[in-house]
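The structure appears below as structure tokens.
We name chains A, B, ... by the order of the sequence lines, and we start the count at 1 in each one.
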Amino acid sequence: MDKSEYRIEYFEENGFVRKDCKKCSSGFWSRDPDREVCGDAPCETYSFIGKPIFKEKTADEIRESFLAFFESHGHTRLKRYPVVARWRDDLYLNIASISNFQPFVTSGKVPPPANPLVISQPCIRLEDLESIGKSGRHLTTFEMMGHHAFNKRGVEELYWKNDTVRYCDEYLKQLGVDMDSVTYKEAPWMGGGNAGPCLEVVTGGLELATLVFMDLELTQNGGVTNIEGQWYKKMETYIVDTGYGLERFVWASKGTPTVYDAIFPEMIHELLTLAGREHPLETHREQMEDIARLCGVMKKKEIAKKLNLTPGFVKTVIEPIEAVYAVADHTRCLAFMIADGIVPSNAKEGYLARLVIRRSFRMLKTLTIDTPLEELVISHIKLLRNSFPELEQYVDRISEILSLEKTRYEETLIKGERIAKQKLKEYSAIGKMPLDASIKIYDSHGIPPEVIVEIASESGDGVAVDIPDDFYSQVAKMHAEEKKGEVDPVVVSQKERTKTLPKTLKLYYDKPTETEFEATVLDTFDDFIVLDKTLFYPEGGGQPADTGFLTTFAGSDGPELRVEDVLSVDGVILHKVAGAANSIDKGASVRGRIDYQRRMAHVRHHSAAHIVLWAARTVLGGHVWQAGAQKGEDRSRIDITHFKRISREERSEIEMLANKMVMRNEVIGVHIEEKNEAEKKYGFCLYQGGVPASKEIRIVQLGAGEDVQACAGTHCSKTGEVGPIKILRTERIQDGIERLWYSAGEAAVRAIQAREELIAKSAAVLKVPQEKLPATVERFFEEWKQLKKDNERLREELAELRVGWLKGHAKVINGMNVIADVLPDTDTKGLMKIAAQLAEAEFLTILMSKQDNHVSVVSSVPAIHKTRISASVVVKRVCEVLGGGGGGTPEIAQGGGENVANIEEALLTGLRVVEEESL
RNA sequence: GGGCUCGUAGCUCAGUGGAAGAGUGCCUCCUUCGCGAGGAGGAAGCCACGGGUUCAAAUCCCGUCGAGUCCA
């Protein structure tokens, strides 16, 4: 990145000098002309530990001072956004204050909610999960305080680099920071397809803030700037994106050895008390501070070596406090995650929550704390009540979810340990378990390698388990990286083609009940026709496209084209027709007619989706969120987040509530509202079906606001029009997500009728009244089982009788008693019983039985003769004659074939085989 | 979103093409003053469901349902 990007007037006017760091060679700006290093770790150790940078402040004080400072400089204060980034499909968690405004505000498609603005945004990053508690500075959850200015080229600039640096300098000065110690380090920034110059604000070895000047975006073919092999070009917008680490400021003001001791000392105290331990800061203050100073510079092992820490000291003093720090951090993370609606799961953001939960369980176990995790999370929520009072609303949900998670975790452990033990046993002969075996146990059953090692040492089989340091990265490598979805070339060409066309007027919103319309053809290409206006609803929001016909006005013999599909490309609606689209000229007038039955079915199902979602949220709780939906003519589905299976009772309750909403015949209101206004008014639950990329959004409201969603679908005007709603079934498509299948309107009636038909038919077969069906079916099933047993017993008796009879018909071949016969009315199983008994009585047998188109063959050889001849060989040879095959053990074998006519020949073959082979 | 593992007696699980098994629990009897313990016998299975391959499927293949787990 060009050096000139960092020539900022403010620096020059205020006596800053630019230098290159002696250690990392990065450029930096400082007031101190003698400074040689950039000031950031690892070029400099933490000098603020034990020596705070400014007067001690709490998190609440810092946050308020920051927000107030920028408010007084013309910024609008915004409330926090959720920690789960539901408005983004490329992120699960909110990782930065700018995330709130990506991608549509940063790209200029949607205006910012205020400009400039200031916010303190709780963020969650789990990349360094393993370092949490150990590094002294990593947190899963942190508040990023940011002031943002969204500038657009050609419009008057709000402010850019100069004011951003000035604000920063003034804010630090106001806090009482020694300004000579502050450095601004040049550090080009990139992320999420954007990039720009950036200044890191550092003091005392600690990076306090990052000032990003985002003005570049990724481009495919040779842009203006190349950063690390990627080409970037200037954006239409240029954005001030700053991130001030709230926790860092608090830490700097307290000078504690770790950020944890600065942020949640009360939580640490509580955990230590529960664990019956003392804080090493009280017992070993000097050592703890020495360690802390080096933490930014070197690894734990190196520190231990340098400071001569004994392994015993590490184990008994350092490791427990690290676990305490981690739990204190995780409880805060979980409070935000669950309160903001994440349901623990085995996929997506739910998996991330479970990761943190299970790590917490493990830490609590090593600390021998048996206080339930939910109680600790609730403790932490109490500490946060001033800044985040909303968290307290969710304590019941948090309790329920976490205690459920505990149960599940314990079950997984018990089960997994058993599997691990078994696997270890398998390898006891070799004496060691190979790596791929332990990877598999972890991958399939969730048993971490440490636990396997523990089990191995307890079992005493002496099986060595080899766990390399890069175990987890090997696991990750195994899961081959999936290909990034490239933009469909068809879509690209459609976009190119429709770029110059005006947006199609959407008649289906204004006249949702009409079926015919007239319009003018604007363009035709491929199979597509573009009109100036249309009633045809394009596929979107889980609602399928309309179908129907387009007819020209050229008399009765004008071509009629069937519309098979309709799609919207950036507001231009394409009608895909069967046949040649270019048979209609540009500029021609056409009449369109939609399939009304189909449309109405979709309309009912769409309104029903909103009603069912509302009902589910009412019955199951506020954590319920739509996780996908698809409408159809006969049935539709809606996926919702929920932490356990929906019971039959709950399902009935949801269904009843939904139908009550129908019967109340509430108005389904539709209006257009400015996006930022709507968000303020209704919150993010607007976006159940995704976030529209526009300034104004269409809002669909149920009744008095029971359910309010941003939705582009066609709807009934009153709930009564939806008709009956029948929930057909629930299915768990993944842990934490339930899929509800339902039908509405006529389809619901048909579904109910179909079920009734099923019951009626079943009852008719059994000749019982419908209400007796369950009892009768049970009786039949029981009787069937009984008959099966009786049958088995009779078979046994029959076999015994036949054995007696057959014994009298034995031939002697080479000194062996041989019985060869065809038995009526039996099968392989029956033959086996007889053959086995005869073998016991030292008879060699070749038995056959004829069924419809099949001959079963069984041969048995008594144990005393098994070295002379194999039953398996006899059966094989016999079955060859029958055109089949067979096999088994030397003592008893079975087979068969289809050439029923050869049965006599097969018998003779059997005898011959015995005679020849047994010699 | 992409993988991996698993569904067998009430419970915990063996069995991986050739007769449905073990441990535990349950029932009966013996032993004992009684309990524990021990001994003998017994009951208990749509081998998750539906297709396919095969002479033959709990076992192999495909699909469905259910459960667990890892990665992004």
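Counting to the nearest Å, the C1' atom of B:rU5 and the CZ atom of A:R418 are 15 Å from each other. Distance, A:E840 CD to B:rA19 P: 15 Å, rounded to whole Å. Atom pair A:L352:CG and B:rC70:P shows a separation of 12 Å (rounding to whole Å applied).
Checked against A:E738 for a salt bridge (charged side-chain N to carboxylate O under 4.0 Å, His left out), the options A:R732, A:K644, A:R645 give a single hit: A:R645. Each of A:L355, A:L129, A:I357 was scored for a side-chain contact (heavy atoms from CB on, under 4.5 Å) with A:H330, with one residue passing: A:L129.
OP1 or OP2 of B:rU69 sits under 4.0 Å from a side-chain N or O of A:T412. The phosphate of B:rU69 has OP1 or OP2 within less than 4.0 Å of a side-chain N or O from A:R354. Checking the phosphate oxygens (OP1, OP2) of B:rA14, a side-chain nitrogen or oxygen of A:Q422 falls inside 4.0 Å.
Counting any heavy atom pair closer than 4.0 Å across all strands shown, A:A893 reaches no nucleic acid atom. Within 4.0 Å (heavy atoms only), A:G888 reaches at least one base atom of the nucleic acid.
Within the cation-pi definition used here (under 6.0 Å to the ring centroid, within 45° of the axis), A:K406 qualifies as a partner of A:F361.
Considering all non-hydrogen atoms of both residues, A:A835 and A:S860 come closest at O-OG, 3.0 Å.
Not a single donor-acceptor pair, N or O on each side, falls under 3.5 Å between the base of B:rG68 and the side chain of A:N346.
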Dot-bracket for RNA chain B, 5' to 3', with Watson-Crick and G-U pairs under 3.5 Å, [ ] for crossing pairs and | for other-strand pairs: what is it?
((((((((.[[[[.)..(..]]]].(((((.......))))).....[[[[[..)....]]]]]))))))).

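Proximity of residues 432-442 of chain A to RNA chain B (heavy atom under 4.0 angstrom from any strand atom) is restricted to A:K440, A:Y442.
Taking atom P in both B:rG3 and B:rC13, the straight-line distance is 28 Å, to the nearest Å.
Ring planes of A:F643 and A:H623: tilted class, angle from 30 to 60°.
Note that CZ of A:R86 is 4.5 Å distant from CH2 of A:W625, once rounded to the nearest 0.5 Å.
Between A:R651 and A:E655 there is no salt bridge, since no side-chain N of the basic residue sits under 4.0 Å from a carboxylate O of the acidic one.
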Letter per nucleotide, 5' to 3', of nucleotides 45-67 of chain B [B base touched, S only sugar-phosphate touched, - untouched; heavy atoms, 4.0 Å]:
-B--------B---------SSS

